[in-house]
Amino acid sequence: MRRIRAKRGISQERLAYQAGIDRSYMASLERQSKNPTIDLLDRIAETLGVHLSEFFARPSKHAVSCKTSPKRRKSARLGKPRVQKNKRNGPTPQNFE
């Protein structure tokens with residue numbers, strides 16, 4: 001599902017909205033931690049414009065695998081400076097780790 005969605009350039013949030021499900025549930029489906037009904041899979045396939053069987057087809061050897069983008073989490077983990085207001089001197093950067 002993730003491979004097809006990414007290939008079409010559709011965000012997880014947009015696909016979930018158009019299919020009528022919660023974004024966090026869509027994320028669970030893509031991580032394969034939830035088991036959807038056939039009706040839900042059919043609705044998602046219709047939203048993506050593919051046949052339901054595409055979800056069960058093995059990707060070709062040349063298909064690009066989709067990996068989770070760590071952009072949002074990475075900046076927080078790397079200690080990106082955050083600005084906090086200091087009552088005396090105005091904004092001051094402080095590192096978080």
Side-chain angles (χ1 to χ4, degrees):
M1 192 179 315
R2 180 183 299 171
R3 177 180 42 84
I4 297 167
R5 176 184 60 76
K7 185 176 180 182
R8 291 192 173 11
I10 299 172
S11 71
Q12 198 176 66
E13 186 174 16
R14 182 172 151 208
L15 177 59
Y17 176 78
Q18 289 177 342
I21 62 175
D22 187 70
R23 188 215 45 87
S24 63
Y25 188 70
M26 177 64 71
S28 297
L29 293 176
E30 288 188 356
R31 286 191 314 270
Q32 300 175 1
S33 62
K34 297 284 183 182
N35 295 317
T37 63
I38 293 296
D39 291 335
L40 179 59
L41 287 176
D42 189 46
R43 199 166 62 204
I44 295 169
E46 186 176 320
T47 302
L48 287 169
V50 298
H51 191 271
L52 178 62
S53 64
E54 289 294 313
F55 292 151
F56 304 99
R58 291 191 185 268
S60 69
K61 292 180 181 181
H62 303 291
V64 177
S65 66
C66 296
K67 298 192 178 181
T68 306
S69 175
K71 291 178 185 175
R72 291 183 183 174
R73 291 185 227 137
K74 190 174 184 179
S75 63
R77 283 186 302 199
L78 290 178
K80 187 175 180 180
R82 289 189 173 186
V83 176
Q84 291 187 346
K85 290 186 178 182
N86 183 333
K87 292 182 181 179
R88 291 184 179 176
N89 302 326
T92 59
Q94 297 196 356
N95 289 328
F96 269 66
E97 290 189 64

Supply the atom-to-atom distance [X] [atom1] to [Y] [atom2], rounded to the nearest 0.5 angstrom.
{"X": "Glu54", "Y": "Ile4", "atom1": "CD", "atom2": "CD1", "value": "5.5 Å"}
{"X": "Phe55", "Y": "Leu48", "atom1": "CZ", "atom2": "CG", "value": "5.0 Å"}
{"X": "Ile10", "Y": "Tyr17", "atom1": "CD1", "atom2": "OH", "value": "14.5 Å"}

Next on the checklist: Please check if the number of heavy atoms outside Tyr25 that lie under 6.0 Å from its OH is greater than 12.
Outcome noted: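 Yes, OH of Tyr25 has more than 12 neighbouring heavy atoms, counting only those of other groups under 6.0 Å.
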Item to check | Sequence neighbours excluded, every pair satisfying salt bridge (charged side-chain N to carboxylate O under 4.0 Å, His left out) that has a member inside residues 20-36 | outcome: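 Qualifying pairs, neighbours excluded: Arg2-Glu30, Arg5-Glu30.
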Checklist entry - Hey, does the side chain of Ser28 reach the backbone of Ser33 with a donor-acceptor pair shorter than 3.5 angstrom? => result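 It does not hold such a pair.
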Item to check | Working for side chain to side chain contact (heavy atoms under 4.5 Å, CB included), residues Val50 and Arg8 | outcome: CA-CA 11 Å; Val50 298; Arg8 291 192 173 11; 2.9 Å; yes
Validation: residues 40-47 side-chain donor-acceptor distances under 3.5 Å, sequence neighbours left out:
residue	atom	partner	partner atom	Å
Arg43	NE	Ala19	O	2.7
Thr47	OG1	Arg43	O	2.8

Item to check | Closest non-hydrogen atom pair between Ser11 and Arg14, with its separation | outcome: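 Heavy atoms of Ser11 and Arg14 come nearest at OG-N, 3.0 Å.
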